[in-house]
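What follows is one structure encoded as structure tokens, with my remarks underneath.
Below, read A as the first sequence line, B as the second, and so on, with proteins coming before strands; counting in each chain starts at 1.
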Number of protein chains: 2
Amino acid sequence: MLSAESVHGGTTAGSDSTEKRILSAALRLFASKGYGAVGIREIAQEAAISTAALYHYMRTKEDLLVALMTDRMQRIIDAATIARDEYPDAARRLVGLVRVHVVAHARFPDGVVDNEVRSLGPETRPRIIALRDEYQALWEGVLDDGRAQGVFELEEPRLAKLALLEMCNGVVHWYSPRGAADLDRVADAFAGMALALTGASRAGSRLRLADLDLPPASRYLAIVTGAYRDAI
Amino acid sequence: MLSAESVHGGTTAGSDSTEKRILSAALRLFASKGYGAVGIREIAQEAAISTAALYHYMRTKEDLLVALMTDRMQRIIDAATIARDEYPDAARRLVGLVRVHVVAHARFPDGVVDNEVRSLGPETRPRIIALRDEYQALWEGVLDDGRAQGVFELEEPRLAKLALLEMCNGVVHWYSPRGAADLDRVADAFAGMALALTGASRAGSRLRLADLDLPPASRYLAIVTGAYRDAI
DNA sequence: GTCTATAAGCCGATAGAC
DNA sequence: GTCTATCGGCTTATAGAC
């Protein structure tokens with residue numbers, strides 16, 4: 001049966017396992033057309049098997065969605081945690097979270113997680129919501145720390161968290177790849193806007209991305225591709 | 001046949017016209033479940049008519065979506081234009097756009113416009129995209145003016161526009177009404193964050209919402225409810 | 001594990017009576 | 001303008017052979 005772990009690769013290089021082909025096809029289709037608009041025939045055809053064979057790997061179509069969402073959430077939580085823990089200060093931590101989120105959403109179809117929670121039934125929804133809350137807690141923690149340290153100036157940290165996340169989520173709606181340099185540009189522009197939005201400052205003057213002496217954007221690309229290794 | 005104008009009321013108070021009931025039911029269902037997940041039987045039942053009668057008012061299900069999206073886009077363009085033209089300076093204009101957008105998205109199911117463009121066919125999509133571009137041009141104009149006036153500090157105004165719009169769109173995903181005072185609080189928090197994100201400043205110091213001496217939030221609520229009068 | 005065949009029901013849309 | 005009845009096709013999911 002499908003599970004988050006089973007998304008990871010493990011077959012000999014060259015030909016993907018049937019399971020991985022199914023998950024890959026489903027993710028691609030769900031992301032582009034929406035869960036409700038994708039039929040299992042379509043998934044089966046894209047994975048080059050029959051619809052009946054599909055049911056050897058999954059119990060219901062919704063299981064497929066849950067497996068994909070769980071996998072994506074766990075991967076981005078992993079990547080975000082790594083990025084956060086690389087620095088102790090809230091400003092650099094925030095930049096890490098933004099860069100990871102933007103890069104992950106631009107390079108992988110992670111938008112399904114944000115958009116398809118409503119497609120989940122009452123039994124599966126709470127599990128995904130819990131993962132989403134875990135991820136949001138990461139952001140909330142950084143914002144609260146930054147406020148306590150006097151780095152951020154936020155009147156409504158909870159609303160700021162939601163604003164930042166939605167602003168970064170939006171990337172999936174308009175970003176289309178134009179090379180790695182372009183992705184870096186977008187990720188850094190968003191990191192800069194996040195610093196501005198949170199009112200980040202040091203010694204009374206506005207803190208900009210360039211002031212933080214961070215490693216090049218490729219560092220964050222590496223974190224994301226690491227956490228998404230063998231991802232579908 | 002359905003059109004944006006026909007959404008406006010005109011019947012004697014008390015009982016809505018069949019047309020309005022249909023549009024109202026469709027909008028509510030599309031917004032909560034997504035266009036693809038809603039059947040015409042469901043719309044018909046919610047509007048208390050048969051599916052056949054539905055086809056007296058529309059040609060296809062997609063027509064229904066197009067009519068709703070066109071209506072919403074035109075209304076928010078109207079409201080945003082009014083809010084923008086109340087002040088000549090870019091900072092107050094930006095605050096007006098943000099407040100109108102947040103209030104409209106929180107009080108009306110305007111999220112369909114943002115989320116369902118992918119459900120449109122190749123014939124209807126360009127018409128909605130054109131309206132969306134018109135609305136975005138309003139935002140872009142304010143950002144460009146503010147930059148020219150030295151009020152905003154933006155390295156990537158086009159990305160800033162997208163970030164601001166997505167951040168405001170996100171309100172539909174988490175906002176649930178807790179009274180008018182709460183909506184004002186959210187709208188003003190977002191206006192403040194927009195000023196911060198754009199690096200708004202005057203005489204070298206950061207420009208905050210309170211510095212702008214704007215009328216109470218009810219003014220923007222009035223603009224929105226005016227533009228959305230008789231809206232479904 | 002994968003197939004063909006099919007069940008049971010919903011899909012958008014239409015015919016034709018009133 | 002609204003109805004009942006229905007078309008052809010698609011939906012999720014299953015039975016049973018191999």
Side-chain angles (χ1 to χ4, degrees), chain A residues 1-3 6-7 9-12 15-27 29-30 32-68 116 118-124, chain B residues 1-3 6-7 9-12 15-27 29-30 32-69 112 116 118-124:
Chain A
M1 203 55 48
L2 289 177
S3 75
S6 59
V7 176
T11 45
T12 43
S15 72
D16 282 345
S17 70
T18 305
E19 186 170 20
K20 205 171 168 182
R21 284 205 323 277
I22 293 169
L23 289 161
S24 168
L27 180 60
L29 289 166
F30 290 166
S32 77
K33 306 174 63 173
Y35 173 78
V38 177
I40 52 162
R41 286 155 216 282
E42 213 172 348
I43 300 170
Q45 189 168 30
E46 199 80 0
I49 53 165
S50 67
T51 62
L54 213 50
Y55 282 86
H56 177 74
Y57 294 92
M58 69 187 201
R59 206 170 51 82
T60 65
K61 181 185 159 193
E62 191 184 329
D63 275 2
L64 209 46
L65 180 62
V66 172
L68 291 169
E116 300 291 2
R118 65 175 170 196
S119 302
L120 297 170
E123 223 230 86
T124 53
Chain B
M1 202 56 48
L2 289 177
S3 75
S6 60
V7 177
T11 46
T12 43
S15 72
D16 281 346
S17 71
T18 304
E19 186 171 21
K20 206 172 169 182
R21 282 204 325 274
I22 294 168
L23 289 162
S24 168
L27 180 61
L29 289 165
F30 291 166
S32 76
K33 305 175 64 173
Y35 174 78
V38 177
I40 53 162
R41 285 164 176 77
E42 212 172 347
I43 300 169
Q45 189 169 32
E46 199 78 1
I49 54 165
S50 67
T51 62
L54 212 49
Y55 282 85
H56 176 74
Y57 294 92
M58 70 187 201
R59 206 171 53 81
T60 65
K61 180 186 159 191
E62 191 184 330
D63 276 2
L64 209 46
L65 180 61
V66 172
L68 290 169
M69 288 176 119
V112 278
E116 299 291 1
R118 67 177 170 194
S119 302
L120 297 170
E123 222 230 89
T124 54

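Side-chain proximity of B:R41 to the nucleotides C:dC11, D:dT2, D:dT12 is greatest for C:dC11. Among C:dA15, D:dT14, C:dG1, the nucleotide with an atom closest to any side-chain atom of B:A52 is C:dA15. Closest to the side chain of A:S50, from the set C:dT4, D:dG1, C:dA13, is C:dT4. The listed nucleotides are C:dG12, C:dT2, D:dT12; the one nearest the side chain of A:Y57 is C:dT2. Nearest to the side-chain atoms of A:T18 among the listed nucleotides C:dT2, C:dG12, D:dT12 stands C:dT2. When distances are taken from the side chain of B:T60 to each of C:dA13, D:dT12, D:dT2, the shortest belongs to C:dA13. Counting only heavy atoms from C-beta on, A:T51 has its side chain closest to D:dA13 among C:dA13, D:dT2, D:dA13. Each of C:dG1, D:dT2, C:dG12 was ranked by its minimum atom distance to the side chain of A:H56; first place goes to C:dG1.
In this structure, A:L54 places its CG atom 13 Å from P of D:dT11, rounding to the nearest Å. Whole-Å rounding puts the A:Y55 OH to C:dC3 C1' distance at 16 Å. The distance between atom CE of B:M58 and atom C1' of C:dA13, rounded to the nearest whole Å, is 8 Å. Taking atom CZ of B:R59 as the reference point, atom C1' of C:dT14 lies 14 Å away to the nearest angstrom. Rounded to whole Å, the distance from NZ on B:K61 to P on C:dC10 is 15 Å. Separating the CG atom of A:D63 from the C1' atom of D:dT12 is a distance of 13 Å, rounded to the nearest angstrom. In this structure, CD1 of B:I40 is placed 17 Å from P of D:dG9, rounded to the nearest angstrom. Here C:dG12 presents its C1' atom at 15 Å from CG of B:L65, a figure rounded to the nearest Å.
Between B:L64 and B:I43 the shortest side-chain heavy-atom distance falls below 4.5 Å. Counting heavy atoms from C-beta outward, A:I40 and A:M58 have side chains that approach closer than 4.5 Å. Between B:F30 and B:M69, every side-chain heavy-atom pair lies at or beyond the 4.5 Å cut-off.
The CG atom of A:L54 lies 11.0 Å from the CZ atom of A:R41; values are rounded to the nearest 0.5 Å. Taking CD1 of B:I22 as the start and CG of B:D16 as the end, the distance is 11.5 Å to the nearest 0.5 Å.
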